[in-house]
Amino acid sequence: MSEKKLICGNEAMAEAAIIAGLDAYFGYPITPQNEVTAYMSRRMPELDRVFVQCESELAAVNMVYGAVATGKRAMTSSSSPGISLMQEGISYLAGAELPAVIVNVMRGGPGLGNIAPSQADYFQATRGGGHGDYRTIVLAPSSVQELADFMSLAFDLADQYRITVMVLTDGILGQMMEPVILEKKKQRKLPPKNWALTGAKNRKQNIVRSLWLGDGVLEELNRKLQKKYDEIQKKEILCEEYEIENAEIIVVAYGIAARIAKGTVDKAKKEGIKVGLIRPITLWPFPAEQISRAAEKAKAFLTVELSCGQMVEDVRLAVAGKVHVEFYGRSGGGVPSDSEIMKEIKQLAAKR
Amino acid sequence: METVFTRTPTLKDCTTHYCPGCGHGIAHRLVAETIDELQIAPKTIGIAPVGCAVLAYDYLDVDMIEVAHGRAPAVATGIKRTNSDKIVFSYQGDGDLAAIGTAEIIHAAHRAEQLTVIFINNAIFGMTGGQMAPTTVLGQVTATSPQGRQAIGQGYPLQMSELLAILPGTVYVERCALSGVAQIKKAKKAIKHAFELQIGGANGLSLVELLSPCPTYWRMTPVEAMQWIEKEMTKVFPLGCLKNDQ
């Protein structure tokens, strides 16, 4: 189990989900995540578990909705346009407080965009995406190993809080092959699913719903959801702080952008520039406190994304005007290179 | 004293929210009676649609889930595939099944999902205030076809049962009406047969379409509505068994 395997991100994630106790996978083909659907179509029946190739992403997310309502662990995966279609279902999952795991292997948009890597679904993922007052937990791996490791975390978080957890990754991590250790993680202590639809045998009927017509009832439910979201914000933020102690410039990046930026930070340090990296691992809840704390000492921030500037808004909110926040991004399939990031860092350093 | 008639246990003892003369109450009762006669209440999971029957779980005393408009067959697939020992049924209106959820029902049938579908066809969107549905008959006046439905521009009434019956993945499709005692008795038999097929492990989807009165949005009395089903609706939606493979 614990030997290293050379495997692409999509397959590592699929196998890791299976190891985490996935009962059912529902998917629809879309590039660049087709390896997941293909892998599941072979592995799940081998293990006598459920695989369905659906007629649409709408159907896929609703099959997940049905399966998780019965207490099973279920997931779907897709890429940006498909995730847009799933937003209806994600809103219903939130309203009904069902635990689901959804993987978005992001590609370029808007529209059909292209099939190249992107981080342009940050707004959609972290703001909810669908209608109504809700949140989803968003995990952003930056290596194939993390992509695999976050699957059991995603299922545990989903079950613990009865929430949708989105694993937000991109075409590079999905396709890239790296040596990975795939092993069973220790499961969190999880609450019993006594709300699940298992047949009303020797108990009252269970109802899974999101419609609340009574005066004030929905508001009360939404306040309950907010309390849950507050608790998640207090307890579940994950963030990597790299070489930030004496840093004057803090690079903020997540996922594959952080992977690239980390190398640039090392190079810049060798050239004598005081630079560090903050890598949000949970995009929601966002590590605002860590960034705010760093803003007390740093002189400037540089946010790097594979987008035209989305997470940078959260960084600016966290920095709250204390210091300048610069942005560098590439979009539509463009990937910020080491030298491009270095140029931005040097420009900021020169302003000091 | 001998009890000759009683409320069937799966039908809850509560006040109805349905309009006077609405067919949902009858359909609910038929489903509840079936569940009780087949003694499957403890292992049944029902799916309530979006539409007037969204509150079906207020009346049917089994585990139930409310779903997005039209998505019931997908949700049912997710439930049944992961719980093959459960009896899973969806209860869907014509806006739900014949408009927004056309893809989901066609593909659930196409995959031969072992599900039972109760399809309420009242030729109108009831919940939202009487708009034209795909099943609205030609000439029928609704909130969104005030001149009466015209085939060109507004489409022909969509015959979902006929469409579904030609798919190899359906094992049983029958259209009944809730327009009188004789018809209701036939409907009960059909519903029971549809559930029995699933219990017996039949390899496909069973569906019963029920022509159901909506006096409120047909602007008729309950009696006129029952008569309209028999005189007008059955012309477009002929009653009878379209398919019974078992």
If one checks every heavy atom of B:Asp61 against chain A at 4.5 Å, the contacting part turns out to be both
Would you name the heavy atoms of B:Ala103 and A:Glu55 that are closest together and state the gap between them? O-OE2, 3.8 Å
What are the residues of residues 24-33 of chain A, in order of number, with any heavy atom under 4.5 angstrom from a heavy atom of chain B? A:Ala24, A:Phe26
Ranking A:Lys204, A:Glu88, A:Arg49 by heavy-atom pairs under 4.5 Å to chain B gives rank one to A:Glu88
Counting only heavy atoms not in A:Lys185 (residues, nucleotides, ligands), do more than 12 fall under 6.0 Å from its NZ? yes
Just wondering, are more than 12 heavy atoms of other shown residues or ligands nearer than 6.0 Å to CG in A:Asn194? yes
For atom CD1 of A:Ile115, is the number of surrounding heavy atoms from other residues, nucleotides or ligands below 6.0 Å larger than 12? no
Counting heavy-atom pairs under 4.5 angstrom with chain B, the leader among A:Leu58, A:Thr198, A:Val208 is A:Val208
Check whether more than 12 heavy atoms from other residues, nucleotides or ligands sit under 6.0 Å from atom CZ of A:Arg223, and answer yes or no. no
Closest contact, heavy atoms only, A:Phe51 versus B:Arg81: O-NH1, 3.9 Å
Taking only heavy atoms into account, what residues of residues 147-167 of chain A are found under 4.5 Å from chain B? none
With chain A, the option among B:Ile87, B:Val50, B:Asn83 that has the most non-hydrogen atom pairs under 4.5 Å is B:Asn83
Of all of A:Val50, A:Val52, A:Leu211, A:Val61, which one pairs up most often with chain B through heavy atoms under 4.5 Å apart? A:Leu211
Exam field: side chain A:Gln205 to backbone B:Val62, donor-acceptor pair closer than 3.5 Å: yes
Is it true that, when you exclude A:Glu46 itself, more than 12 heavy atoms of the residues, nucleotides or ligands shown sit nearer than 6.0 Å to its CD? yes
Whether over 12 other heavy atoms sit under 6.0 Å from B:Lys12 NZ: yes
From the list B:Arg71, B:His107, B:Lys43, the residue making the most non-hydrogen contacts under 4.5 Å with chain A is B:Arg71
Check this for me: A:Glu220, atom CD, are more than 12 non-hydrogen atoms of other residues, nucleotides or ligands nearer than 6.0 Å? no
Within residues 64-80 of chain A, which residues come under 4.5 Å of chain B, heavy atom to heavy atom? A:Tyr65, A:Gly66, A:Ala67, A:Ala69, A:Thr70, A:Lys72
Taking C-beta and beyond as the side chain, do B:Leu55 and A:Arg209 meet within less than 4.5 Å on heavy atoms? yes
Within a 6.0 Å radius of atom CZ on A:Phe123, are there more than 12 heavy atoms belonging to other residues, nucleotides or ligands? yes
Side chains of residues 194-202 of chain B: which donor-acceptor partners sit under 3.5 Å, not counting sequence neighbours?
{"unit_1": "B:Gln198", "atom_1": "OE1", "unit_2": "B:Lys80", "atom_2": "NZ", "d": "3.0"}
{"unit_1": "B:Gln198", "atom_1": "OE1", "unit_2": "B:Val88", "atom_2": "N", "d": "2.8"}
{"unit_1": "B:Gln198", "atom_1": "NE2", "unit_2": "B:Val88", "atom_2": "O", "d": "2.9"}
{"unit_1": "B:Gln198", "atom_1": "NE2", "unit_2": "B:Thr116", "atom_2": "OG1", "d": "2.9"}

To check you understand the geometry: which heavy-atom pair defines the closest contact between B:Glu66 and A:Ser210, and what is its length? OE2-N, 2.7 Å
Any non-hydrogen side-chain atom of B:Asp63 less than 4.5 Å from a side-chain atom of A:Ile207? no
Drop me the distance from A:Cys54's SG to B:Glu104's CD, to the nearest 0.5 angstrom. 10.0 Å
